[in-house]
Chemist: 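Below are the C-alpha cells for one structure; questions will follow.
Not measured: the values here are computed from a predicted model.
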Amino acid sequence: MNEKSKKYSLPPLFTSPHDLAGERTDSPILVAFSGGADSGALLHMAVNYGRAVGAQVYAAHVNHGIRGAEADRDELFCKNCCESYGIRLFLLKADLPAIAKERGLSVETAARDVRYEFFSEIMRENSIPILAVAHNADDNLETVLFNISRGAALGGVCGIPRTRDIDGGTIVRPILRMSRREILRYCEDNSIDFVTDSTNTDVEYTRNRIRNRIIPELKTICPDAEKAAARMSESLRQDALCLQSMAEWFLEEAREGYFVSCKMINGSPYAITTRALMMLYGEISGGGTLEYTHVEALMALSKKAEPHSSLNLPAGIRAVIEEGKIGFTRLPPPPKNTDLKKFSVVLSEGENRISQTDSEIIIEKTEKYKNIYKKSMNLYLDSAKIVGTAYARERRDGDKIRICNMSKSVKKLMCEKKIPQELRPRIPMICDDTGIVAIPFIGVRDGYAPKDGCDTAISIKFDPK
C-alpha cells in the first residue's frame, strides 16, 4: 500500500489521478459517472481523494435516451448521489438513435463518440485537465480477449492504457488495477449504492458475450485471470515502448524526408521497421493508422524494391519505390462531383429508382446467400432485423459501418476495396432508423445478415446505369 493510499484511506490499487496525468495536486478532476458500481466506486474514491489534497471534483453523466424509464432512473440517481457529495454534476440528454442515424454509425459507436465529445467540452470550458474513467482489470481482460480475436498486434494485447490524451486534457484510469470483485467489495464496505444497466446482460453485444460467457469459463481455469492479464499488459506495454523508441531512433538515422532506404528496411528487424513505416505514414496522413494487411503489403513492396512500383493506402496516401527507397506521397484529391444532390429514397420490394445517381436498387425475397464481404453489387439482408423504415441516401462525411466486429469509415473501406473514384459518389448508403445497414461493394452490417433457414431474407441488387 502506497503512502497516499494510507493517508487518504483509499484502496491500495487506487492510483492518484494527478500522478497519472502529471498535473498539480490541486488541479480539478472530472469523473465520468454512469451510476454503475465501477463509476460509483471511483466517484467515492475521487471525492475523498479530492478533499484530502484540495482538488475540486466534478461528475458528468450522459442519458443516451435508449433505455427509456431506466435511463431516466439512472439520471435521477446520479443527480441525488452528486447532491449528497456536494459536487456539481454536468448532465447531457442525447437522442442516440437519431444521432447514430445522422452520422451513419452503430448506436454503440455513436454513444461513445457523444460521451467523449461532451466530456471534452466540459473540460475545455471549465479548465478541468483530468478526466477519470472507471475502467478496471476485468475491462482490460475483456479488451485483450477482444483484440486477440481480431488478430491484433502487440499494441492490442497491451490492453487498456492507464492514460490517454483527449481534447481538453488527459484521460486517466485510477482503478485499472482493481478487479470488478474488489470494486464490488469496496462498494459493500462503504455502503455505496449503484444502479445496474439491463443491457449489460445482452449478449448480442460482443463485449457482453466475452464478459458473460467467455470470462466465467476462463476463470474456472485461472480464478485471477484479470490480474494475470493486467501483469501481461503492463509487461508488454513496456516492451512496446522500447520498440517504439528504437523505431524513432531508426528513423532519425535512416529517413530522408518521407523516404527510407529499402536496403535498411529489408536488413533491419521487422518489429522496428514496421513501426518506423507506420510512424512515417502517420506523419504524412495527419495521424492515420494502418491495418495489418497494409503493413504486410508495405514490407512486400520494400522487399521487391521494384523501381516506380507503388501501393495506394488509406487517407489519400501512396507508398512508392524510387531510387532504392520506399516512402510516401500524397495522391491528388479526386475531382468533386458538384452536381451530386442529397437524396433519401424509401425502399420497398421491387425496383427503386435513384434519379440523383442514375441507378437502381432492386429488392427481392430470396433463399440463396453469398459471402457478403466479397466485392459485389448483390447483398443479402434479414428484413426482420430492419428497424423502422429502410431507405437509401447519399454518402456523407464521417459515415461508418460495423463489419466483422470493427467500426470503419466508409471512405476507408472504399479505398481498401479499390472502388473506382468515379463510382464512389454514386454508391448509396442503405439505412434503417439506426443508421447504415448495408453498402453495395462493401457488405452488410454485423447482425443484419440472414442465417441458414431464415424466412425473411431479401436480396438487394445495386444497378448503376
Chemist: Using the side chain to side chain contact (heavy atoms under 4.5 Å, CB included) definition, which of the options Pro17, Pro28, Pro174 pairs with Ile130?
Modeler: Pro17
Chemist: Ignoring hydrogens and angles, tell me if any N or O in the side chain of Arg424 forms a donor-acceptor pair with the backbone of Ile419 under 3.5 Å.
Modeler: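 Flag set: sc Arg424 to bb Ile419 pair under 3.5 Å.
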Chemist: Provide the closest heavy-atom pair for Gly168 versus Arg124 in the form atom of the first, atom of the second, distance.
Modeler: CA-CG, 3.9 Å
Chemist: Under the 3.5 angstrom rule, does the side chain of Ser383 hit a backbone N or O of Thr456 as a donor-acceptor pair?
Modeler: yes
Chemist: Quick one: does Asn48's side chain have a donor or acceptor within less than 3.5 Å of a partner on Met45's backbone?
Modeler: no
Chemist: Would you call Arg318 and Leu313 a side-chain contact if the rule is heavy atoms closer than 4.5 Å?
Modeler: no
Chemist: Heavy-atom count check: over 12 atoms from other residues, nucleotides or ligands less than 6.0 Å from Asp397 CG?
Modeler: no
Chemist: Which heavy atom of Pro314 sits nearest to which heavy atom of Leu290, and what is that distance?
Modeler: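 Where Pro314 meets Leu290 most closely, the heavy atoms are CD-CD2, 4.2 Å.
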Chemist: Test side chain to side chain contact (heavy atoms under 4.5 Å, CB included) on Asp139 and Arg173 and set out the steps.
Modeler: CA-CA 11 Å; Asp139 294 323; Arg173 299 179 171 90; over 6 Å; no
Chemist: Is the Tyr58 ring parallel, tilted or perpendicular to the Phe90 ring (thresholds 30°, 60°)?
Modeler: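 Aromatic pair Tyr58/Phe90 classed tilted.
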Chemist: Near Lys227 NZ, under 6.0 Å, is it more than 12 heavy atoms from other residues, nucleotides or ligands?
Modeler: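 For Lys227, atom NZ is crowded (more than 12 foreign heavy atoms under 6.0 Å).
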Chemist: Given the ring of Phe119, does Arg164 sit roughly above its face, with NZ or CZ under 6.0 Å from the centre of the six-membered ring and within 45° of the axis?
Modeler: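 Ring-cation test returns no.
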Chemist: Taking side chain as C-beta onward, heavy atoms only, is Ile215 less than 4.5 Å from Arg180?
Modeler: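 In short, these two side chains do not touch, never coming nearer than 4.5 Å.
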Chemist: Tell me yes or no: between the side chains of Thr170 and Thr163, is some donor less than 3.5 Å from an acceptor?
Modeler: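 No, because no side-chain N or O of Thr170 sits under 3.5 Å from a partner of the opposite role on Thr163.
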Chemist: Side-chain contact test, heavy atoms from C-beta onward, threshold under 4.5 Å: evaluate it for Leu298 versus Phe328 and give yes or no.
Modeler: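 They are in contact (side-chain heavy atoms under 4.5 Å apart), so the answer is yes.
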Chemist: Nearest 0.5 Å, please: how far is CG in Asn136 from CG in Leu13?
Modeler: 11.5 Å
Chemist: Are Ser34 and Val195 close enough that some pair of their side-chain heavy atoms sits under 4.5 Å apart?
Modeler: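 Ser34 vs Val195: side chains apart.
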Chemist: Rounded to the nearest 0.5 Å, how far apart are CG of Leu184 and CZ of Phe194?
Modeler: 5.5 Å
Chemist: Could you check whether any side-chain N or O of Arg330 sits under 3.5 Å from a backbone N or O of Gly316, counting only pairs where one atom can act as donor and the other as acceptor?
Modeler: no
Chemist: Quick check for you: to the nearest 0.5 Å, what is the distance between Leu154 atom CG and Asn147 atom CG?
Modeler: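 Rounded to the nearest 0.5 Å, the CG-CG separation comes to 11.5 Å.
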Chemist: Do Lys400 and Lys412 have side chains that approach each other closer than 4.5 Å (heavy atoms only, starting at C-beta)?
Modeler: no
Chemist: Which atoms form the tightest heavy-atom contact between Val31 and Ala46, and what is the distance?
Modeler: CG2-CB, 3.8 Å
Chemist: Val133 and Ala32: which non-hydrogen atoms are nearest, and at how many Å?
Modeler: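 So the two residues come closest at CG1-CB, 3.9 Å.
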Chemist: So, does Asp446 use its side chain to make a donor-acceptor pair with the main chain of Cys404 at under 3.5 Å?
Modeler: yes
Chemist: Would you call Asp224-Arg181 a salt bridge at under 4.0 Å N-O?
Modeler: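 So Asp224 pairs with Arg181 through a salt bridge.
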Chemist: Do side-chain atoms of Asp358 reach the backbone of Gln356 as a donor and acceptor pair under 3.5 angstrom?
Modeler: no
Chemist: Please lay out, stage by stage, how Ile386 and Tyr448 fare under the test side chain to side chain contact (heavy atoms under 4.5 Å, CB included).
Modeler: CA-CA 8 Å; Ile386 298 293; Tyr448 278 72; 4.2 Å; yes
Chemist: Assess whether side chain to side chain contact (heavy atoms under 4.5 Å, CB included) is satisfied between Leu131 and Tyr116, documenting all intermediate values.
Modeler: CA-CA 10 Å; Leu131 171 65; Tyr116 282 99; 4.0 Å; yes
Chemist: To check you understand the geometry: which heavy-atom pair defines the closest contact between Ala392 and Ile354, and what is its length?
Modeler: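 Smallest heavy-atom distance, with atoms named: CB-CD1, 4.1 Å.
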Chemist: Is any NZ, NE, NH1 or NH2 atom of the basic residue among Glu83 and Lys79 found under 4.0 Å from an Asp or Glu carboxylate oxygen of the other?
Modeler: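 Looking at Lys79 together with Glu83, the answer is no, because their closest N to O distance does not fall below 4.0 Å.
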Chemist: Show me the pairs that pass ring pair (Phe, Tyr, Trp, His ring centres under 6.0 Å) and involve residues 162-187, at least two apart or across chains.
Modeler: His44-Tyr186
Chemist: Atom CZ of Arg185 and atom CG of Asn190: how far apart are they, to the nearest 0.5 Å?
Modeler: 12.0 Å
Chemist: Evaluate the criterion side chain to side chain contact (heavy atoms under 4.5 Å, CB included) for residue pair Glu182 and Glu226; output intermediate values, then yes/no.
Modeler: CA-CA 11 Å; Glu182 290 167 330; Glu226 75 281 358; over 6 Å; no
Chemist: Could you tell me which non-hydrogen atom of Pro97 sits nearest to which non-hydrogen atom of His64, and how far apart they are?
Modeler: CD-O, 4.4 Å
Chemist: Does the side chain of Ser179 come under 3.5 Å of the side chain of Asp138 through a donor N or O and an acceptor N or O?
Modeler: no
Chemist: Taking atom types as modelled and ignoring hydrogens, do the side chains of Asn405 and Ser149 form a donor-acceptor contact shorter than 3.5 angstrom?
Modeler: no
Chemist: Return the OG to CG distance between Ser233 and Asn140, rounded to the nearest 0.5 Å.
Modeler: 4.0 Å
Chemist: Are any side-chain N or O atoms of Asp382 and backbone N or O atoms of Ala384, one a donor and one an acceptor, separated by less than 3.5 Å?
Modeler: yes
Chemist: Would a 4.5 Å heavy-atom cut-off, applied to side chains only, mark Ile29 and Tyr49 as touching?
Modeler: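 The answer is yes, as the side chains (C-beta and beyond) meet within the 4.5 Å cut-off.
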Chemist: Is there a donor-acceptor pair closer than 3.5 Å between any side-chain N or O of Asp463 and the backbone N or O of Glu360?
Modeler: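 No, because the side chain of Asp463 does not come within donor-acceptor range (under 3.5 Å) of the backbone of Glu360.
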Chemist: Looking at Arg396 and Glu394, is there a salt bridge between them, counting it only when a charged N and a carboxylate O are closer than 4.0 Å?
Modeler: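 Looking at Glu394 and Arg396, the cut-off is met.
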Chemist: Return yes if some donor-acceptor pair links the side-chain N/O of Arg237 with the main-chain N/O of Ile160 below 3.5 Å, else return no.
Modeler: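 Indeed, once roles are kept as given, a pair shorter than 3.5 Å links the two residues.
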Chemist: For residues Asp74 and Asn63, is any side-chain donor paired with an opposing acceptor at under 3.5 Å?
Modeler: no
Chemist: Would you say that Ile442 contacts Lys408 through its side chain, given a criterion of any heavy-atom pair below 4.5 Å between the two side chains?
Modeler: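 The answer is no, as the side chains (C-beta and beyond) never meet within the 4.5 Å cut-off.
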Chemist: Hey, can you tell me if Phe33 and Phe77 have their rings parallel, tilted or perpendicular (30° and 60° cut-offs)?
Modeler: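 Rings of Phe33 and Phe77: tilted, as their planes differ by 30° to 60°.
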Chemist: Out of Lys411, Arg393, Arg445, which one pairs with Asp399 under the salt bridge (charged side-chain N to carboxylate O under 4.0 Å, His left out) rule?
Modeler: Arg393
Chemist: Between the main-chain N or O of Glu117 and the side-chain N or O of Ser120, is there a donor-acceptor pair closer than 3.5 Å?
Modeler: no
Chemist: Can you tell if the side chain of Met278 reaches within under 4.5 Å of the side chain of Val295, non-hydrogen atoms only?
Modeler: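 Side chain of Met278 against side chain of Val295, heavy atoms only: contact under 4.5 Å found.
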